[in-house]
Amino acid sequence: MPGLPRLPFERSDPLEVSPAYAELRATAPIAKVLTAAGDEAWLVTGYEEIRQIFADPRFGRSHPAPEDAPRLSNSALIGGPVGDYATEEEMHTKLRRLLAPAFSARRMAALSVRIQGLVDDLLGRMAEQGPPCDLHACLSVPLPVQVICELLGVPYEDRDRFRGIAVEMTDLSDPERSAAAMREMNEYTYEIVKAKRENPAEDVYSELAAADLPEEEIAMIAGGLLFAGHETTVNQIDYGVLLLLRNPGELDALRRDPSLAPGAVEEIMRMAVPSQHGLLRYAHADVEVGGVRIKRGDLVVLATFAANRDPRVYPDPERFDIRRETTHPHVGFGYGAHYCLGASLARVELQAVFGTLFRRFPELRLAVPYESLSRRAGALTEGFSELPVTW
């Protein structure tokens with residue numbers, strides 16, 4: 001439809017959010033837009049509006065008529081409808097009940113010693129190698145990959161294989177390629193799960209192997225866990241390092257007091273925006289949110305990164321402040337029944353990284369101009385392909 005703003009909105013700095021989101025948030029926190037796929041959607045940029053939609057069971061990932069559903073993008077992962085409309089809520093509840101114990105805060109805290117050991121080992125290798133190095137390859141990728149391999153029960157020696165598949169899954173230019181990669185990931189992980197039935201271990205895939213779920217569902221869950229369990233954390237490490245390097249006052253405070261690491265991680269999660277893709281929901285009934293009538297079957301795009309900079313909630317929201325005090329937690333991990341199961345794991349990993357990295361390498365800095373950093377254009381999760389640093 002002519003006249004509607006079209007996603008994605010351009011931005012000049014990867015650490016910032018396109019000004020177009022702030023303009024819409026100020027005038028229409030729920031606004032009609034065109035998606036990259038050319039379909040109409042409601043773009044939600046307000047903090048309270050996004051939390052309301054997250055908490056409302058009348059919004060879901062499935063669509064009553066999936067073949068006719070509007071799409072957000074070409075992504076096979078989160079570009080269109082997923083799941084069965086009739087059973088989505090039941091399956092979501094069953095899945096969370098199955099997986100919640102594996103990702104509980106208590107279990108993640110028990111992993112903290114192991115994760116700290118992995119961080120120390122990776123940073124030790126960096127020190128032995130000497131500067132310069134690609135922090136993306138030396139730390140940001142191997143840490144979450146090894147952690148998720150151990151937690152799920154995936155062979156670490158397969159890391160190059162599944163990392164390659166994961167990269168293809170994020171391709172926004174070729175829907176067939178990303179869909180084929182997603183099938184390959186599901187097939188690869190399902191073979192591991194099936195093997196666990198004969199030889200179970202203390203890992204998540206062994207628990208999944210014993211679950212009373214359809215085989216296709218188990219394959220999708222296994223593939224999704226491996227992908228989401230490492231890909232987003234890779235980007236948060238890269239972006240967290242850059243946010244600190246670009247805000248030297250905050251970095252100095254963290255260097256002096258590593259106990260600020262938990263607050264730094266929350267501010268990184270609030271401010272880091274590797275991708276402006278947004279999260280997709282479909283209305284399962286006519287719903288009114290923020291004075292806007294959303295009709296059954298409408299596509300809703302949750303711009304959580306814009307909500308995390310909502311001035312109605314965060315004073316001076318564009319300022320990176322690792323000592324920020326707020327009663328409003330960011331929505332980077334979602335909200336309510338859709339709060340990310342892996343949030344505790346991500347926090348433990350990120351706190352280990354940012355409580356240690358700049359203490360071990362106090363002179364760490366970029367080895368190339370910030371403006372020349374290479375980004376993964378055309379990828380769902382975007383991010384950087386490398387992060388050259390020196391010290």
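Keep in mind that what you see is a predicted model, and the values were worked out from it rather than measured. What you see below is based on every heavy atom in this structure, not just the backbone, and it leaves out hydrogens, waters and symmetry mates.
Each side chain to side chain donor-acceptor pair (under 3.5 Å) pair with one or both residues in residues 247-258, not counting sequence neighbours, appears once here: Glu250-Arg323, Asp252-Arg255, Asp257-Ser259. Sorted by first then second residue, the side chain to side chain donor-acceptor pair (under 3.5 Å) pairs that include residues 297-311, not counting sequence neighbours, are Glu16-Arg309, Trp42-Asp298, Arg309-Glu318, Asp310-Arg312. Listed by first and then second residue, the ring-ring contact (aromatic ring centres under 6.0 Å, His included) pairs involving residues 129-168 are Phe162-His230 (not counting sequence neighbours).
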Distance-only criterion, 3.5 Å: show the donor-acceptor pairs between side-chain atoms of residues 206-213 and protein atoms not counting sequence neighbours.
residue : atom : partner : partner atom : Å
Ser206  : OG   : Ala201  : N            : 2.8
Ser206  : OG   : Ala201  : O            : 3.2
Ser206  : OG   : Asp203  : OD1          : 2.8
Glu207  : OE2  : Arg107  : NH1          : 3.4

Using a 3.5 Å cut-off and no angle test, enumerate the donor-acceptor pairs between side-chain atoms of residues 137-147 and protein atoms at least two apart in sequence or in another chain.
residue : atom : partner : partner atom : Å
Ser140  : OG   : Asp238  : OD1          : 2.6
Gln146  : NE2  : Glu150  : OE2          : 3.3

Fill in: side-chain contact (heavy atoms from CB on, under 4.5 Å) assessment of Asn74 paired with Asp174
CA-CA 7 Å; Asn74 285 328; Asp174 187 340; over 6 Å; no

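With sequence neighbours excluded, the residues forming a ring-ring contact (aromatic ring centres under 6.0 Å, His included) with Tyr47 are Tyr314, His328, listed by chain and number. Not counting sequence neighbours, Arg365 has no partner by the salt bridge (Lys or Arg N to Asp or Glu O under 4.0 Å) test. Scored by the ring-ring contact (aromatic ring centres under 6.0 Å, His included) test, His277 finds no partners at all (sequence neighbours excluded). By the ring-ring contact (aromatic ring centres under 6.0 Å, His included) test, Tyr188 pairs with no residue at all, sequence neighbours left out. In this structure Phe103 satisfies the ring-ring contact (aromatic ring centres under 6.0 Å, His included) test with no other residue, sequence neighbours excluded.
Between the side chains of Thr170 and Thr381, no donor N or O sits under 3.5 Å from an acceptor N or O.
A 6.0 Å sphere centred on CD of Glu288 holds more than 12 heavy atoms belonging to other residues, nucleotides or ligands. Under a cut-off of 6.0 angstrom, the local environment of CD in Gln129 is crowded, with over 12 non-hydrogen atoms contributed by other residues, nucleotides or ligands. Around atom CE of Met220, no more than 12 heavy atoms belonging to other residues, nucleotides or ligands sit under 6.0 Å away.
Through direct or indirect side-chain contacts shorter than 4.5 Å among Ile, Leu, Val, Met, Phe, Trp and Tyr, Tyr85 is connected to no other residue. Here Leu24 sits in one hydrophobic cluster together with Leu7, Phe9, Val17, Tyr21, Val33, Leu43, Leu72, Val273, Leu280, Tyr282, Leu299, Val301, Phe305; the rule is ILVMFWY side chains under 4.5 Å apart, joined directly or through other members.
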